[in-house]
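A short write-up of the structure that comes next.
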Amino acid sequence: MSGNPDDLPFFGDDDMPSPAQPGGGIAARAMAARRGPSTPYLEGLNPEQRLAVETTEGPVLVLAGAGTGKTRVLTTRIAHILATGRAYPSQILAVTFTNKAAREMKMRVGVLVGEAVEGMPWLGTFHSIGVKLLRRHSELAGLKSSFTILDTDDQIRLLKQLIQAEGLDDKRWPARQFAQMIDGWKNKGLAPGDIPEGDARAFANGKGRQLYAAYQARLKTLNAVDFGDLLLHPIRVFREYPDVLREYHAKFKYILVDEYQDTNTAQYMWLRLLAQRQAGSVNVCCVGDDDQSIYGWRGAEVDNILRFEKDFPGATVIRLERNYRSTAHILGAASHLIAHNEGRLGKTLFTEQSDPDDPKVKVHAAWDSEEEARGVGEEIEALQTKGHALNDMAILVRASFQMREFEDRFVTLGLNYRVIGGPRFYERQEIRDAMAYFRVVAQPADDLAFERIVNVPKRGLGEAAVRQIHDVARMRGVPLLQAARDLVGTEEMKPKPRAALRTLAESFERWQSQIDRVSHTELAEQILEESGYTDMWKNDRSAEAPGRLENLKELIRSMEEYESLRGFLEHVALVMDAERDEGLDAVSLMTLHSAKGLEFDTVFLPGWEEGLFPHQRALDEGGRTGLEEERRLAYVGLTRAKRNLHLWFTSNRRIHGLWQSTLPSRFLDELPEAHVDVAEDGGGYGGYGRSAGQPGRPNPYGRSRFDDTSFSNSYATPGWQRAQRNRTDATDRNWGTRSGHQAERIGYGETDSGYGAGRGSVKGRTIEGELVAKSVSDSPSAFKIGDRVFHMKFGNGNVAAIEGNKLTINFDKAGQKRVLDGFVKAL
DNA sequence: TGGCGAACTCTTTTT
DNA sequence: GAGTTCGCCA
């Protein structure tokens, strides 16, 4: 395998011609074709959009609200730069966050400019451009240009090894958690030496930094990088080799950045290095919307966008506020909601489409998530019979576990749906296994891949054998595959594993020798056949085996689009999603995060409950900032809808397998009444103390806030009350012991934030949550002192005292207990 | 060494 | 509740 990046289709056409020799015919022709007085692509732009397109020189910040034609501006701007001959395609650096966005941009520029886009080698995601830079300058970063990119799986396995090698308990210090920490550091652009003391101490009794350094060293020996390195290495190269940086300064005449509000510190540093030069104009154009910054948890710094004018003095700031997407009701709801945030740059979206027939935003209540799914399903079917296409509808959830209920429902209804960004194709076990085989073939030094499949399928090479191979590898300083070969030639191994290992090593040799002789798809099939991998699944009688075989076929099929095995591997490392059939008419189901940038006629937003949305963890970890980010997420959700918008909340939801009663999201209270309707479609909001198993019974304890038509303006938000309750109750909870005394309640807040004392005692937490839905009513209890009540666990008793919704009850048999009113029934 | 049951964690969002 | 990991036993 040569490490020449030009082998890769991904890198295919590179960025010359230089301005001195226009050479490349296509781009030149395209430009010539577009040159002259006619600029048809500018037609139909509004004045602000046009300004954003035509202000090509100097720093420009485009604040583009939702649905204001942001992508159109970006693509037209590129087209304009090309068409007016300001730059060659290879002189434009255009960065996006997602592959989806990059693809879309490529396509749309292509439509505007013709084939010239083929010559835009520097349009891509931060990461794909990072790889490209790093392949060119790998030696400056201490790597070979054939370096591999680790996926999360590899990364965690590697970290686990390192943690164990330190003699640490990898249960107490989980690799997964450490991987996230490293990720966080890398997002901030921190090398092991730069980590603040406190951070370094936080993991493994202060060994955090040392482990991080060990991890980086290990990556280097493996000739591998992780996602964060794709940014950090180029940054370091730029800093240490100014002439390299200057080369790119000369190269990139125009820089465009999409979704600027989502850039993290490392990306920001990367951009600054490329954009800020000693002299001359900096033609950098960043497009973003501070109200749609939803990746703070991943290290994104909204500050970057708020600070743009300081970073680039003399910047032109252009606001796009005319919304072309949504009705006035939807826009009104979204704007009113987002106005609750502080620290915004502030935009006022407006629309000229206003029709008295436009439906208001609808809020629906359901008893539980099942009913919620049923309700949404009914609505979808109703729309379908009215002639709406399923493709125009989407369900956007806060957390992916919510998807399940909908999938179940749609399967029963026979309704087509498509999950976007769900469990990723390339993350499936069988795909990863197959890929590991391919990696070892293409990349014999890829130890992590080798390790993954030495004993898959089982060939009697267990832990003992693997350790032996490891020892040899370490001793001789060679990759595992090489060590295996060496070991086969000796008597050191027992005959059985030795034979197995010999077969494997020989197979790899054979496959490697085939690499240039047969097509890569053929080779791939051969590998999977001869390794026994496909047989393994054929012999597997489990329900999912056929699907896995199908996926493997799909994998081979998708390889056809690539020229070489290496090109394919590169693609997979960066693009974790596989494209899906767009032909089908289907409802889209995805998380709010992956919905950014999309739009649908009809949007359903289920799960607007405290604790889920806003998510409890966002509140716990992020405080006010966290809440504001959740609100922006809500804003993103609302503004995806063009015409119909349905919000749902349920009064009971199962979390960790336990039923919990929930409260409507505070965000519902933040919507303007003028634009919102409360649906009359029944729904079972309300009930306290009802058994989860019997939905639909009348609510015995009064009315919901939503029984009254309006959201009574109790800004005394339920969430705060609950948060406080959780905190105080955490102390007087009596965790169950194995023998059966159990806590009366559990709550969102404490489920996994059991710090300190909680840690050890979390074990015995078997709570009868499945019996009765929990109540966390903030209305006074419906019981009176002296009431005769029944409790599932403790039996009959009399109410002795009432404190909010907590009751002290003298049980006939169990004695005096404090319980929540939700757990008892009046007799 | 591998298979089976018990125990434990997990659920935010992703390049 | 579910998926995964761990530990014991054959």
Side-chain angles (χ1 to χ4, degrees), chain A residues 95-102 124-131 149-152 155 160 170-171 174-177 179-180 183 186-187 226-231 259 262-264 266-267 293-300 396-405 420-424 426-427 429 455 457-466 494 496-497 500 544 573-577 590-596 607 611-622 626 629-630 632-633 636-637 653-659 738 748 751-754 759 762-766 769-770:
Chain A
V95 207
T96 64
F97 273 82
T98 63
N99 296 295
K100 200 166 65 187
T125 63
F126 275 101
H127 292 88
S128 67
I129 290 171
V131 184
I149 303 163
L150 260 54
D151 62 26
T152 340
Q155 197 185 2
K160 196 166 172 179
D170 66 301
K171 268 184 160 169
R176 182 172 295 278
Q177 189 193 327
Q180 277 165 10
D183 231 41
K186 290 194 171 177
N187 284 338
D226 63 18
F227 269 111
D229 288 340
L230 295 178
L231 285 167
E259 307 280 14
D262 288 336
T263 46
N264 62 35
Q267 286 156 340
S293 163
I294 54 175
Y295 285 105
W297 52 274
R298 199 170 84 181
L396 313 180
V397 296
R398 173 68 248 260
S400 41
F401 75 85
Q402 293 172 260
M403 290 187 188
R404 224 192 122 147
E405 221 100 24
I420 294 174
R424 321 258 201 106
Y426 292 117
E427 279 172 10
Q429 183 194 340
N455 203 27
K458 302 250 183 299
R459 26 175 96 87
L461 297 169
E463 205 189 325
V466 172
K494 288 183 190 154
K496 244 186 169 171
E544 63 268 27
L574 291 172
V575 185
M576 293 302 286
D577 55 338
M590 68 190 99
T591 64
L592 285 161
H593 281 87
S594 46
K596 190 157 71 153
L612 178 60
F613 194 29
H615 199 280
Q616 189 61 43
R617 209 160 129 182
L619 301 179
D620 289 347
E621 287 170 11
E629 180 153 317
E630 293 289 297
R632 290 193 292 268
L633 197 51
V636 167
R653 194 170 286 277
R654 190 153 54 183
I655 288 157
H656 295 326
L658 297 169
W659 283 101
R738 268 156 215 271
Y748 259 116
T751 42
D752 78 6
S753 39
R759 269 194 182 280
V762 174
K763 286 190 176 176
R765 214 191 287 179
T766 17
E770 74 275 9

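In the text below, chain A, chain B and the rest are named by the order of the sequence lines, each starting its count at 1. Remember, predicted model here, so these are calculated numbers, not experimental data.
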In terms of the nearest nucleotide of DNA chain B, which residue is placed more toward the 5' end: A:Arg459 or A:Phe126? A:Arg459
Donor-acceptor pair, side chain of A:Asn187 and main chain of A:Arg298, under 3.5 angstrom: yes
Under 3.5 Å, is there a donor-acceptor pair between the side chain of A:Glu629 and the main chain of A:Gly296? yes
Is A:Ser128 near enough to B:dT15 that one of its side-chain N or O atoms lies under 4.0 angstrom from OP1 or OP2? no
Mind checking A:Tyr295 for me? I need base, sugar-phosphate or nothing, with any heavy atom below 4.0 Å counting as a touch. sugar-phosphate
Could you please name the option among B:dT15, B:dT13, C:dG1 that lies closest to any side-chain atom of A:Asp183? B:dT15
pi-stack flag for A:Trp297 and B:dT13, centroid dist under 5.5 Å, interplanar under 30°: yes
Answer with base, sugar-phosphate or nothing: what part of the nucleic acid does A:Phe401 contact at a heavy-atom distance below 4.0 Å? base
Where the side chain of A:His615 is defined as all heavy atoms beyond and including C-beta, which of B:dT11, B:dT14, B:dT15 is the nearest nucleotide? B:dT11
Classify A:Asn455 by what it touches in the nucleic acid, base, sugar-phosphate, or nothing, heavy-atom distance under 4.0 Å. sugar-phosphate
Please state how far atom CE in A:Met590 lies from atom C1' in B:dT14, giving the value in whole angstrom units. 15 Å
Using the rule given for ring pair (Phe, Tyr, Trp, His ring centres under 6.0 Å), can you reason through A:Trp297 versus A:His615, listing the C-alpha separation, both sets of side-chain angles and the distance that settles it, and then say yes or no? CA-CA 12 Å; A:Trp297 52 274; A:His615 199 280; over 10 Å; no
Whichever of A:Arg176 and A:Asn187 has the more 5' nearest nucleotide on DNA chain B, that residue is A:Arg176
Measure CD/A:Gln616 against P/B:dC10 and give the value in whole Å, please. 17 Å
Measure CD1/A:Ile294 against P/B:dT14 and give the value in whole Å, please. 9 Å
What is the distance, to the nearest angstrom, from the CG atom on A:Leu633 to the P atom on B:dT14? 10 Å
Here the distance between atom P of B:dT15 and atom CG of A:Asp262, to the nearest Å, is 11 Å
Just N and O in the side chain of A:Ser594: are any of them under 4.0 Å from OP1 or OP2 of B:dT13? no
What nucleotide, of B:dT15, C:dG1, B:dT13, holds the atom closest to the side chain of A:Arg298? B:dT15
Between P of B:dT11 and CZ of A:Arg654, the distance in whole Å: 18 Å
P atoms of C:dT4 and B:dT13, separation to the nearest Å: 16 Å
Please list each protein N or O that sits under 3.5 Å from an N or O in nucleotides 3-5 of chain C, with the distance.
none

Rounding to 0.5 Å, atoms NE2 (A:His127) and CD (A:Gln267) come to a distance of 6.0 Å
Rounded to whole Å, the NZ-P distance (A:Lys458 to B:dG3) equals 6 Å
Touch check for A:Gly460, heavy atoms < 4.0 angstrom, all strands: base, sugar-phosphate only, or nothing? sugar-phosphate
Grab the CG-C1' distance between A:Asp620 and B:dT11 for me, whole Å please. 14 Å
Got a donor-acceptor contact below 3.5 angstrom from the A:Asn455 side chain to the A:Leu461 backbone? yes
Spatial distance of atom CZ (A:Phe126) from atom CG (A:Asp262) [nearest 0.5 Å]: 9.5 Å
Can you check whether A:Ala500's main-chain N or O pairs, donor with acceptor, with A:Arg459's side chain at less than 3.5 Å? no
Using modelled atom types only, decide if a donor and an acceptor are shared between the side chain of A:Glu405 and the backbone of A:Gln402 within a distance under 3.5 Å. no
Counting heavy atoms from C-beta on, name the nucleotide in B:dT13, B:dG2, B:dT15 closest to the side chain of A:His127. B:dT15
